[in-house]
Amino acid sequence: MSELNSKQENLRRRVERILPTVVKPGRYVGGELNQVHKAWDSVRTHFALVFPDIYDLGQSNLGIALLYDILNKRADVAAERAFAPWIDMEAAMRDAGIPLFSLENKRALSDFDIIGFSLPYETVYTNFINLLDLSNIPIFSKDRTVEMPLVIAGGQAIYNPEPVAPFVDAFALGEGEEAVLDVVNAYQAWEDKGGSREDLLIRLAEVPGVYVPSLYEVNYHGDGRIASIQPTHPSASLPIDKRIMAELPPPLTHFMVPNVEVVQERVSVEIMRGCTRGCRFCHAGMVNRPIRERSVNDILDTLREGIRQTGYEEVSLLSLSSSDYSQIIPLINGLGDLLREQQVNITLPSLRIESFSGEIMDALQDLSPGGGFTLAPEAGTERMRNVINKPISDAEFFDTVREIFEHDWNTVKLYFMIGHPQETLEDVAAIAELAKETLQIGRRIVGGRARIHLGVSTFIPKPHTPFQWAAFDDPVSIQEKISLLHDRLHGSKVKMTWNDPMASQHEAWLSRGDRRIADVIYKAWQNGARFDAWREHFNIEIWQNAFEDCDLDPDFYGKRARDLDEVLPWDHINAGVKKSFLKRDYEWSMEGRIRPDCRQQCYSCGILSSFSELRLAHPDGGWKCP
Amino acid sequence: MVDGSAPDMNPQEDITRIRVLYTKGESLRFTGHLDMQRIWERLLRRSSLPVRYSQGFHPRARLNLASALPLGFVSQSELLDFWMNEPLPINEIHSRLSNTAPPGLEIKEVSQATLSEDALQVQMAASEFEVEFFDPQDPEELKEKVDDFLAQDTIMRRRRKKLYDLRPLVLEINVLNRENDEPALQMKLKAEEGATGRPDEVMHELGYENTEYLVCRTKLILSNTLAKVSITQ
Ligand code: SF4
């Protein structure tokens, strides 16, 4: 046995010893059906894919599963998974001196060539740096030496990469299916040529969609606002365009089947990417343009094949707004046949009110009788819904509600947001009235079986949206609005759930943060912050103290409305939608002016100008842009 | 559940009851009993055998696992029954199951069971285990510990707040002195409904924590004796 192999065997044994002492040890063993296990020495490039939360969540993530599949299809690459150990496991690992390891070969992460982190939301940032630390890899990019792994990151949160820029060697912006292979190629080319770590970073900066933050310099005004963001090397482009796939990539059917329970165990297929509705608060709706659809046949074949390869008893359709899928009726009918033939169930994603027809409900009823139905009006009054560009009249809303109950669904889930720009207490009170009226309608039609769940979240201004300049509401004011809803719902049977205003505020700080906020994240982590997405672990005081220690004002990031001509920390990132378009849309919102779905009329949001060549090269890509 | 027969039996149909002997390897060590049932349901769905499902909106395969294996153990000998709507050659069933089994679950033997038999849980009589130590052991010392254990008439222990006597559940313990190998233990424990001995309880009594050894179930012993002496715990 070589020295390396015995070191390896040693790690395996040490892990084996601590497993019986932790909760749900099955999270840390791997070996699932459809796992790809390659002999370590049989490949050239070792790529670790890391989701910085527990296995139960990460294993359900379709993005990770897709990249795992794409990378492992290459004979010269092995992609292996790692997730955040739960608190007890982390303690046991640190105690026993066990570094973070991959599930497939049980290798320390520091043995890999490239580590790719998925950063889907800001609340994983402390976990992310904690995992670097647990891997014995320096947390700051500048401290890494040439023999250490390359640390890259992707995901929805990093359309504003700045808060984690000092920790990441390179970001892959946008859709990663092709970019990840380009990164591997650049890495291998650098290895062939030999060179410094900086040579590697420069090579990566030349890959489309890759942002190397160390090759840019940020200058600030005296008050903390940004003066400029400039490249410091000719290979660093400005702006950095996100990557998109001209057509939806082949769907995954080879899903891994976990040996212990995880949050989602089903065959999922993405039926379309992107959204054209243009809700002004919606990050996903703006950064994932353009719309690209998958054909009905492709979807049904994928589900059938996925069931065959996994044995799952449930399937699900993924998209931002499924009822906007142009072939929704043929799809639902096809699904009905599939479900009967395969004896499986379906989970229906959230459906949008405007595009709802009786015809869709008739078709849906067969698929999922008696279950719940989700509607997301997001604001309580017509005025407010025009401000956020989710225009629907109260009358239309109640018509839809009536149709739902008449089709024999008993439970309606309603999603609303509070804290929108221009919101008044009347707008908030109207949410309660709408929910109560919905329950009344339900009672009249299905009687005592009618149930209403009201989910209230808090508006968080997000980068690359028309509301990116808006202020985050004050937590005290949010708390008042929640109390108001409680009062108004008192005595009714409407069940309400809401978000912790402090947790929303934390997300607001990070989502529009600049590079300086990285020190706050680092400080908070040093003081014990991790699993910030978990209510029982989130601690606002740690964060408040961290801001203080770093001499930064959290309100500068949260409550402050940005000037329309301010340089924003993410201005050098092109997510496809132009700043001028967002600005006009923000101005329209202040006039209460709506912008209809752009499938009726193109508003030149920037997608076509950013991706004109790609569009021309793929006339049949399923795009809904002209 | 003591009824081993399939529900809604229609005499017109040619229902068969299939018994599978299989392993539970490393990667399934920490997969609990309920998760094992789901693994089997999915395995059966992938196999596309004519498995008998329950009626209704969430159809489920009817399964019957002989005996829950405690978390952290591996096994060379697990038993399960399932039902099919029509018969198929045994070797065909065997290969279809093998082709869709997950890593660590090896199909060792497939046979047909009689429909009228009791459920496997009811037929369970005893289990045999082998215990390997992670650290080197002195065989003499080990032998002494085992002898001391066996010399006692009662060994009262508390498990999930219940007081019970472990000693009568232990039928045998032997020290295995395998060639060129560390000593290991072999034990045979009672596994009747309501009177099942757990190897980890025995090991604890011998002075070992569960981080010091690996348990493998090596054999399940079924009995068709209906009159059983029940041991109250
Ligand atoms: S380019 Fe036009 S059609 Fe396409 S997403 Fe933008 S506004 Fe909509």
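Just so it is clear, the structure is predicted and the values come from calculations on it, not from any experiment.
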**Student:** Out of B:Leu44, B:Leu28, B:Leu105, B:Thr31, return the one with the most heavy atom pairs under 4.5 angstrom to chain A.
**Tutor:**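 Winner by heavy-atom pair count: B:Thr31.
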
**Student:** Drop me the distance from A:Glu16's CD to B:Thr211's OG1, to the nearest 0.5 angstrom.
**Tutor:**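 Between atom CD of A:Glu16 and atom OG1 of B:Thr211 there are 11.0 Å.
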
**Student:** Relative to chain B, which segment of A:Gln35 carries a heavy atom at a distance below 4.5 Å: side chain, backbone, both, or neither?
**Tutor:**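 Neither part; nothing is under 4.5 Å.
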
**Student:** Would you mind checking which part of B:Asp200 comes under 4.5 Å of any heavy atom in chain A, side chain (CB onward), backbone (N, CA, C, O), both or neither?
**Tutor:**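 Neither the backbone nor the side chain of B:Asp200 comes within 4.5 Å of chain A.
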
**Student:** Picking from A:Glu313, A:Gln309, A:His37, which has the most non-hydrogen pairs under 4.5 angstrom with chain B?
**Tutor:**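 Of the candidates given, the most pairs with chain B belong to A:Glu313.
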
**Student:** Could you measure the distance from the CZ atom of B:Phe30 to the CZ atom of A:Arg27? Nearest 0.5 Å is fine.
**Tutor:**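 Those atoms lie 13.0 Å apart.
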
**Student:** Say you draw a straight line from CD of A:Glu32 to CD1 of B:Ile39; how long is it, rounded to the nearest 0.5 Å?
**Tutor:**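 If we round to the nearest 0.5 Å, A:Glu32:CD and B:Ile39:CD1 are 9.5 Å apart.
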
**Student:** Restricting to side-chain hydrogen bond (donor to acceptor under 3.5 Å, both in side chains), what partner residues turn up for B:Gln137, sequence neighbours left out?
**Tutor:**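 B:Gln137 satisfies side-chain hydrogen bond (donor to acceptor under 3.5 Å, both in side chains) with B:Tyr208 once adjacent residues are dropped.
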
**Student:** By a 4.5 Å heavy-atom criterion (distance strictly below it), what part of B:Glu26 contacts chain A: side chain, backbone, both, or neither?
**Tutor:**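 B:Glu26 touches chain A through side-chain heavy atoms alone.
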
**Student:** Within a reach of under 6.0 Å around CD of A:Glu341, are more than 12 heavy atoms found that belong to other residues, nucleotides or ligands?
**Tutor:**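 Result for CD/A:Glu341: enclosed.
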
**Student:** Are the side chains of A:Val29 and B:Arg29 in contact, using a 4.5 Å heavy-atom criterion?
**Tutor:**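 No; the side chains remain at least 4.5 Å from each other.
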
**Student:** Does the pair B:Arg42/A:Glu265 count as a salt bridge with the N-to-O cut at 4.0 Å?
**Tutor:**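 A salt bridge is present here (some side-chain N lies under 4.0 Å from a carboxylate O).
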
**Student:** Just how far is it from atom OG of B:Ser48 to atom CZ of A:Arg308, taken to the nearest 0.5 Å?
**Tutor:**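 The OG atom of B:Ser48 sits 7.5 Å away from the CZ atom of A:Arg308.
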
**Student:** To the nearest 0.5 Å, what is the distance between CG (A:Leu33) and OG (B:Ser27)?
**Tutor:**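 Separation between the atoms: 10.0 Å.
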
**Student:** I'd like to know if B:Glu209 and A:Arg17 make a salt bridge, using a cut-off of under 4.0 Å between side-chain N and carboxylate O.
**Tutor:**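 No, this pair does not count.
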
**Student:** Where does A:Arg13 contact chain B at under 4.5 Å (heavy atoms): side chain, backbone, both or neither?
**Tutor:**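 Side chain only.
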
**Student:** More than 12 heavy atoms of other residues, nucleotides or ligands under 6.0 Å from NZ of B:Lys145: yes or no?
**Tutor:**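 Yes, NZ of B:Lys145 has more than 12 neighbouring heavy atoms, counting only those of other groups under 6.0 Å.
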
**Student:** To the nearest 0.5 Å, how far apart are CG in B:Asn210 and OG1 in A:Thr21?
**Tutor:**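 B:Asn210 atom CG to A:Thr21 atom OG1 measures 8.0 Å (nearest 0.5 Å).
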
**Student:** For the residue pair B:Arg45 and A:Val344, establish whether any side-chain heavy-atom pair is separated by less than 4.5 Å.
**Tutor:**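 When only atoms from C-beta onward are counted, A:Val344 and B:Arg45 do touch, with a gap below 4.5 Å.
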
**Student:** Which atoms of B:Arg38 come close to chain A, meaning under 4.5 Å heavy atom to heavy atom: side chain ones, backbone ones, both, or neither?
**Tutor:**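 Interface part for B:Arg38: side chain.
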
**Student:** Side chain, backbone, both or neither: which part of B:Thr100 has a non-hydrogen atom closer than 4.5 Å to chain A?
**Tutor:**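 Interface part for B:Thr100: backbone (N, CA, C, O).
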
**Student:** For B:Arg159, look at atom CZ and say whether over 12 heavy atoms of other residues, nucleotides or ligands are found less than 6.0 Å away.
**Tutor:**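 Enclosed: over 12 neighbouring heavy atoms sit under 6.0 Å from CZ of B:Arg159.
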
**Student:** Answer yes or no: is there a donor N or O on one side and an acceptor on the other, between the side chain of B:Arg46 and the main chain of A:Thr310, under 3.5 Å?
**Tutor:**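 Yes, because the side chain of B:Arg46 sits within donor-acceptor range (under 3.5 Å) of the backbone of A:Thr310.
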
